[in-house]
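These notes are about the structure you will find just below.
What you see is a predicted model, and the numbers here were worked out from it, not measured in a lab. The first residue in the sequence is number 1, and the count goes up from there.
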Amino acid sequence: MACCLVKTIAVLVLFGGQCLAAQADDTGVNMEMSTEGMSDGGGHEGHNMFFHTDANIYILFYEWHVTDTGGLVGSCFVVAICAILYEGLKQLREILARRSKKKSSMFETTSWKDGLLSWTHILQTCLHFIQVTVSYCLMLVAMTFNVWVFLSLCLGLAVGYYLFAWPRAVVTDINEHCH
């Protein structure tokens with residue numbers, strides 16, 4: 001049943017996209033995206049919106065401008081390490097949440113004020129802020145659309161999961177923000 005539903009949706013999406021493209025061609029509407037006016041002020045046009053293997057890319061910041069293969073390899077290592085640490089941070093938050101639940105079952109919180117001002121809640125909030133920030137940065141790294149950077153990001157996430165998530169009892173991750 002699910003397989004048929006997926007096939008039906010795929011056919012509709014493909015057929016619908018072809019119909020829209022044909023309709024745009026018939027009406028004379030130009031569906032191409034123009035990069036005119038998309039300069040960053042330094043004479044550089046907008047970035048590629050498709051996967052590519054160019055070594056000349058910007059990653060997150062104007063200052064992180066990769067111009068050669070060596071810089072790309074180094075950037076791939078940095079991205080992979082950040083992805084590994086991101087998975088470690090997710091596991092750390094889960095461990096702290098489990099410990100907090102064990103303590104709260106032993107000592108019941110009497111008021112919401114005590115809960116909001118507890119050190120464990122403040123620590124979890126700070127770690128949550130860091131996790132969300134890192135996850136959005138990793139998403140923006142993926143949006144460089146560089147094949148090598150994207151693969152290093154995915155490999156880093158997989159290695160991080162392998163290293164940190166093995167003690168996880170539940171496969172469903174309630175703290176996921178990135179993917």
Subject >> Nearest-0.5 Å distance that lies between atom OG1 in Thr120 and atom CG in Leu96 >> reply: 8.5 Å
Original post:
Atom OG1 in Thr133, atom CG in Leu138: separation rounded to 0.5 Å?
Top reply: 11.0 Å
**OP:** Taking all non-hydrogen atoms of both residues into account, name the closest pair between Cys137 and Leu60 and its distance.
**Re:** O-CD2, 3.6 Å
**OP:** For Ala83 and Gly156, work out which heavy atoms get closest and say how close.
**Re:** CB-C, 3.6 Å
Subject >> Side chains of Leu163 and Glu87 in contact at under 4.5 Å (non-hydrogen atoms) >> reply: no
Original post:
Would Val149 end up clustered with Val134 when hydrophobic side chains under 4.5 Å apart are linked, directly or stepwise?
Top reply: yes
Subject >> Distance in Å, Lys90 NZ paired with His128 NE2, rounded so as to fall on 0.5 Å steps >> reply: 13.0 Å
Original post:
Does the side chain to side chain contact (heavy atoms under 4.5 Å, CB included) test come out yes or no for Val66 and Trp148, once each step is laid out?
Top reply: CA-CA 12 Å; Val66 178; Trp148 308 117; over 6 Å; no
Original post:
What's the shortest heavy-atom distance between Leu116 and His121, and which atoms?
Top reply: O-CD2, 3.6 Å
Subject >> Reported CD1-to-CG distance for the pair Ile81 and Leu85, which is rounded to 0.5 angstrom >> reply: 7.5 Å
**OP:** Given side chain to side chain contact (heavy atoms under 4.5 Å, CB included), test Leu155 with Leu151 step by step and report yes or no.
**Re:** CA-CA 6 Å; Leu155 182 65; Leu151 288 175; over 6 Å; no
Original post:
Heavy atoms, side chains only, cut-off 4.5 Å: are Thr125 and Phe129 in contact?
Top reply: no
**OP:** Would you confirm whether His52, through its side chain, and Thr144, through its main-chain N or O, come within 3.5 Å as a donor-acceptor pair?
**Re:** yes
Original post:
Hey, what's the ring geometry for Tyr58 with Tyr62, parallel, tilted or perpendicular (30° and 60° as the breaks)?
Top reply: parallel
**OP:** State the CZ-CD1 distance between Arg93 and Ile130, to the nearest 0.5 angstrom.
**Re:** 10.0 Å
Original post:
Going through the distances and angles, do Phe164 and Ile84 end up as a side chain to side chain contact (heavy atoms under 4.5 Å, CB included)?
Top reply: CA-CA 9 Å; Phe164 297 112; Ile84 290 169; 3.8 Å; yes
Original post:
Would you call the rings of Phe145 and Phe51 parallel, tilted or perpendicular, where under 30° means parallel and over 60° means perpendicular?
Top reply: perpendicular
**OP:** Kindly work out whether a path of hydrophobic side-chain contacts (I/L/V/M/F/W/Y, heavy atoms less than 4.5 Å apart) joins Trp166 to Val159.
**Re:** no
Subject >> Gap separating the CG atom of Leu89 from the SG atom of Cys82, nearest 0.5 angstrom >> reply: 12.0 Å
Subject >> Hydrophobic cluster membership, Leu72 vs Phe61, 4.5 Å side-chain cutoff >> reply: yes
Original post:
Taking a hydrophobic cluster as the set of Ile, Leu, Val, Met, Phe, Trp and Tyr residues connected by side-chain heavy atoms closer than 4.5 Å, whether directly or through intermediates, do Val73 and Leu153 fall within one such cluster?
Top reply: no
**OP:** Considering non-hydrogen atoms only, spot the tightest contact between Ile57 and Asp54 and give its length.
**Re:** CG2-O, 3.9 Å
Original post:
Charged N to carboxylate O under 4.0 angstrom, Glu94 versus Arg98?
Top reply: yes
Original post:
Going hydrophobic residue to hydrophobic residue with side-chain gaps under 4.5 angstrom, can you get from Met139 over to Val147?
Top reply: yes
**OP:** Test Ile59 against Asn146 for side chain to side chain contact (heavy atoms under 4.5 Å, CB included), laying out the working first.
**Re:** CA-CA 10 Å; Ile59 301 176; Asn146 183 285; over 6 Å; no
